[in-house]
Amino acid sequence: MDQIDKNILQLLVDNGRLSYVDIGKELGLSRVAVRERVAKLLDDEVIEQFTVVINSSKVGKEVSAFFEIDCEPSSLVKVAEALAENPSVASCYQMTGPSTLHTHVLVDNFGALERFINEELYALDGITRVESHILLRRFKSRRGLKL
């Protein structure tokens, strides 16, 4: 990956809807050259996917909660996979520490959060501790890696 690829990535992070023509004009490349570079970045899995960022509260997901979930080491992958399949879970990462999963959950309201915790999270075998944090206000959210 060279500087041109990094420049293409940065332009796409800033505006994922840019056309290959527009990227080419910005960088002095042809549309075909940009298309080939983006295709290679996709093939090499540098670009994982193209997507849209949705404001969760505008579509009814009013409560954003973060959970630190400690698991028995033998249950960690099973718990993580179950959480990853749950439609309320926005992200789930294994973190350093005592078999800890960091999980971000988006739900409609506090009743839905209580149901998620009691009926879905606590129902998973192998969890030893759960700590929760409710988002009050977002100051910054990652929207692509800055290069």
Side-chain angles (χ1 to χ4, degrees), residues 1 3-27 31 34-35 37-147:
M1 189 167 76
Q3 189 59 47
I4 293 171
D5 290 332
K6 290 178 182 179
N7 292 341
I8 290 170
L9 289 171
Q10 191 58 61
L11 288 169
L12 289 171
V13 165
D14 293 340
N15 180 359
R17 293 181 53 120
L18 278 177
S19 70
Y20 294 154
V21 170
D22 291 335
I23 294 170
K25 285 179 185 174
E26 181 77 23
L27 301 178
R31 176 190 56 80
V34 173
R35 186 188 72 218
R37 283 178 173 267
V38 170
K40 181 161 179 13
L41 291 167
L42 283 161
D43 288 344
D44 292 345
E45 298 179 343
V46 174
I47 297 174
E48 291 182 357
Q49 67 179 346
F50 288 95
T51 189
V52 62
V53 177
I54 297 172
N55 182 326
S56 57
S57 66
K58 299 286 185 182
V59 294
K61 302 295 182 189
E62 297 292 333
V63 178
S64 180
F66 295 86
F67 294 91
E68 298 296 330
I69 303 166
D70 290 348
C71 302
E72 297 169 358
S74 61
S75 300
L76 181 103
V77 172
K78 182 180 69 169
V79 170
E81 288 173 347
L83 289 169
E85 291 296 319
N86 188 300
S88 295
V89 174
S91 62
C92 183
Y93 301 97
Q94 182 180 2
M95 305 295 282
T96 59
S99 302
T100 298
L101 296 172
H102 178 79
T103 304
H104 180 202
V105 173
L106 295 166
V107 291
D108 294 349
N109 52 49
F110 285 104
L113 181 62
E114 182 181 6
R115 284 188 298 282
F116 171 81
I117 292 169
N118 291 328
E119 298 171 14
E120 299 177 55
L121 184 58
Y122 290 164
L124 297 173
D125 290 330
I127 293 177
T128 59
R129 185 185 71 85
V130 175
E131 184 177 319
S132 62
H133 307 274
I134 306 299
L135 176 72
L136 297 177
R137 181 169 53 163
R138 177 177 60 192
F139 291 99
K140 180 179 180 180
S141 181
R142 184 187 126 192
R143 286 188 170 59
L145 179 67
K146 294 289 182 186
L147 300 176

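The chain is numbered in sequence order, starting from 1.
- The heavy-atom pair separating D108 from E62 by the smallest distance is O-CB, 3.3 Å.
- Residue V63 comes nearest to F110 through the heavy atom pair CG2-N, 3.8 Å, listed as atom of the first residue, atom of the second, then distance.
- Using a 4.5 Å cut-off on side-chain heavy atoms (C-beta onward), N15 and L12 make no contact.
- A 4.5 Å side-chain heavy-atom check between F116 and Y122 finds every atom pair outside the cut-off.
- With rounding to the nearest 0.5 angstrom, the OG atom of S57 is 7.5 Å from the CZ atom of R138.
- Within the 4.5 Å cutoff, no side-chain heavy atoms of L101 are placed close to those of Y93.
- The two residues F50 and V38 make their nearest non-hydrogen contact at CZ-CG1, 4.1 Å.
- Between H133 and F66, a ring centre-to-centre spacing not shorter than 6.0 Å is recorded.
- Smallest separation of non-hydrogen atoms from I134 and A65: CD1-CB, 3.8 Å.
- Tested against I8, the residues V13, I23, V46 include a single side-chain contact (heavy atoms from CB on, under 4.5 Å) partner, I23.
- S64 OG to R137 CZ: the interatomic distance, rounded to the nearest 0.5 Å, is 14.5 Å.
- Annotation: side-chain hydrogen bond (donor to acceptor under 3.5 Å, both in side chains) contacts involving residues 41-53, sequence neighbours excluded, comprise K40-D44.
- With 3.5 Å as the limit, one finds a donor-acceptor pair spanning the side chains of D70 and T100.
- With rounding to the nearest 0.5 angstrom, the CG atom of N7 is 9.0 Å from the CD atom of E26.
- With a 4.5 Å cut-off on side-chain heavy atoms, L27 and L11 count as touching.
- At least one side-chain heavy atom of R37 sits less than 4.5 Å from a side-chain heavy atom of I4.
- To the nearest 0.5 Å, the span separating CZ on R31 from NZ on K25 amounts to 12.5 Å.
- When all heavy atoms of L106 and K61 are compared, the pair lying nearest together is O-CD, 4.0 Å.
- Rounded to the nearest 0.5 angstrom, M95 CE and E68 CD are separated by 6.5 Å.
- M1 and L9 get closest at one heavy-atom pair: SD-CD1, 3.7 Å.
- Residue I69 holds its CD1 atom at 4.5 Å from CG of L121, rounded to the nearest 0.5 Å.
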Using residues 83-92 as the side-chain source, report each donor-acceptor pair under 3.5 Å to any protein atom, sequence neighbours left out, with the distance given to one decimal.
| unit_1 | atom_1 | unit_2 | atom_2 | d |
| --- | --- | --- | --- | --- |
| N86 | OD1 | S88 | N | 2.8 |
| N86 | ND2 | E120 | OE1 | 2.3 |

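- Counting only heavy atoms from C-beta outward, the side chains of K78 and D125 approach each other to under 4.5 Å.
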